There are 2 protein chains.
Amino acid sequence: MEDFGLYAPVAVTVDVVALTIRDRRLHVLIVERDAEPYAGSWALPGGFLGPGEDLAEAARRELAEESGLGARPAHIEQLGSYGDPARDPRMRVVSVSYLAFAPDLPDPRAGADTATAGWHAVDDLPPLAFDHARIVADGVERARAKLEYTPLATAFAGATFTVSELRLIYETVWGTRLHAGNFHRKVLSVPGFVEATGGTTETGGTRGGPRARLYRAGDARLLHPPLLRPAREEAIR
Amino acid sequence: MEDFGLYAPVAVTVDVVALTIRDRRLHVLIVERDAEPYAGSWALPGGFLGPGEDLAEAARRELAEESGLGARPAHIEQLGSYGDPARDPRMRVVSVSYLAFAPDLPDPRAGADTATAGWHAVDDLPPLAFDHARIVADGVERARAKLEYTPLATAFAGATFTVSELRLIYETVWGTRLHAGNFHRKVLSVPGFVEATGGTTETGGTRGGPRARLYRAGDARLLHPPLLRPAREEAIR
DNA sequence: CTAATAGTGTCTATAAGACAGTATGGT
DNA sequence: ACCATACTGTCTTATAGACACTATTAG
């Protein structure tokens, strides 16, 4: 910390990578920009930090406001800050980005404040404004890693869910197939990951099978032992 | 992203949590402030983001400049951003903080530019300015977690090191004792964690024992399987 | 010599993964 | 009837942790 007064003018924005799972694919919420620069192209929901507003507060506000999502996300955390001097052509802008996990929600309504907003599969995104493609990529990688060590996969599910639904979340986010039987035993063996509600689904699966037991998120904040992704040699080196 | 022009004036600073290990204790680099607010009290090295400067670049500059450290840290990464509206009494300041790991270095020289800087044990810090105590705590927790899944413990060691030195790093950062024999076997069994130089130490330990084989950091970016801390029930729930 | 350290061997408990098998319920 | 699904059982292999043991070197 040094002398005040001679700092360069900087603007701070807050951008949100909101992820959900739809149709067995990971989706991110993006909005269509109506102002320059990048007018007409897609971007993360976000905007300038309000006066007197905390960063996390601003992230929640931007997500609710600009996306038109009624429900709150099940989880939101800081992802990182992006400050390349050339990332915004207008002026120096530092973006503090947040990562949110939401269960599958109805399509955002288009409102007065709400630009065209929609869920897009992360592996088939249109070109994004600024460095938002990079931010999305970082968010997806963070989500993949978090599923290993935390029970946050449950944030993609509803209030109650079956073990198969939970497995589908892991398979979708990781992009791998998991052994159903072993996954089942593993999930139930990690203390505090899930707890049984006592109920079951109303019907069997779409193609048959017994009714599945229902669970809700447990009280664990960390999975111990963790649920590790199959090792990919190229990720390790 | 919305309308420009009506954003609140915000300053962006970059602060660095630089960690090292000295005398079997984890230390953080702090500097004495000579300007208000908090003049005379201790703070993290940091300062305003320069014009045209990237965030990581600013972090490296502040660390080198303000701390008087000659050598570069072995590792630096973004830790997080702190933007509580009341965190700086002067005006709205968002701090983007970085986390650095350094091997045990000589005491920083006091220079023209250099305020009084020094390494302090993280579990015995003087009161810190702003929310820097919180930032240090977050940095320490990040460091603890990173040792589990990444080979970053080697960033606390010199260019070559023994398995015992590496174990001491883990024990110090985690604040636990580890079984020497099992740790030895585990470290050597993780692919790419360390590689033998072929050499050994010149002498045995200070209190006897054979010469230890020397290793350097390997090419792994992730430890697989990870080196997990002994589970602490209170951390999990 | 004694004590401390480096490194290895071995045993046990636990966990991961492959695979099989049973019961249920949709079509 | 058929088949996908929800589990559960069992076997094999890998890993973690406890413990023991040998070899080496400082003092």
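Proteins get letters first, then strands, A, B, ... in listed order; numbering begins at 1 in each. All values derive from a computational prediction rather than experimental measurement.
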Base dT10(C) paired with Arg185(B) side chain (donor-acceptor, <3.5 Å):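 Such a pair exists between side chain and base.
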
Upstream residue (5' side of DNA chain D) when Ser189(B) and Gly181(B) are each assigned their closest nucleotide: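 By nearest-heavy-atom nucleotide position, the 5'-most residue is Ser189(B).
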
Rounded to the Å, how far apart are [X] [atom1] and [N] [atom2]?
{"X": "His179(A)", "N": "dT5(D)", "atom1": "NE2", "atom2": "C1'", "answer": "13 Å"}
{"X": "Leu168(A)", "N": "dA6(D)", "atom1": "CG", "atom2": "P", "answer": "10 Å"}
{"X": "Phe183(A)", "N": "dG9(D)", "atom1": "CZ", "atom2": "C1'", "answer": "20 Å"}
{"X": "Leu227(B)", "N": "dG17(D)", "atom1": "CG", "atom2": "P", "answer": "9 Å"}

If you look at every strand shown and take non-hydrogen atoms under 4.0 Å, does [X] touch a base, only sugar-phosphate, or nothing?
{"X": "Gly205(B)", "answer": "sugar-phosphate"}
{"X": "Gly204(A)", "answer": "sugar-phosphate"}
{"X": "Thr162(A)", "answer": "nothing"}
{"X": "Thr206(B)", "answer": "sugar-phosphate"}

Whichever of Thr203(A) and Leu214(B) has its nearest DNA chain C nucleotide further upstream toward 5':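 Result: Leu214(B).
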
Contact nearer the 5' end of DNA chain C, comparing Arg167(B) with Pro230(A):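 Checking each residue's closest nucleotide, the 5'-ward one belongs to Arg167(B).
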
Which nucleotide in the list [options] gets nearest to the side chain of [X]?
{"X": "His184(A)", "options": "dC7(D), dG17(C), dA23(D)", "result": "dC7(D)"}
{"X": "Ser164(B)", "options": "dC7(D), dA16(C), dT5(C)", "result": "dT5(C)"}
{"X": "Lys186(B)", "options": "dC19(C), dT15(D), dA4(D)", "result": "dT15(D)"}
{"X": "Pro210(B)", "options": "dT5(C), dG7(C), dC7(D)", "result": "dT5(C)"}
{"X": "Ala212(B)", "options": "dA18(D), dG7(C), dA4(D)", "result": "dG7(C)"}

Polar side-chain atom of Arg211(B) near backbone of Glu202(B) as donor-acceptor pair, under 3.5 Å: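 At least one qualifying donor-acceptor pair exists.
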
Plane angle bin for Trp174(B) and Tyr170(B) - parallel if under 30°, tilted between 30 and 60°, otherwise perpendicular: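 Geometry flag for Trp174(B) against Tyr170(B): perpendicular rings.
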
CZ/Arg22(A): more than 12 non-hydrogen atoms of other groups inside 6.0 Å: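 Yes, CZ of Arg22(A) has more than 12 neighbouring heavy atoms, counting only those of other groups under 6.0 Å.
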
Test of ring centre spacing under 6.0 Å for Phe130(B) and Tyr82(B):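 No, too far apart.
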
side-chain N/O Arg177(A) vs dG17(C) OP1/OP2, d < 4.0 Å: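 So the side chain of Arg177(A) is outside the cut-off, no N or O lying under 4.0 Å from OP1 or OP2 of dG17(C).
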
Ser81(B)-Ser81(A) side chain donor-acceptor pair, cut-off 3.5 Å: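 Checked: Ser81(B)/Ser81(A) side chains pair up, N/O donor to acceptor below 3.5 Å.
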
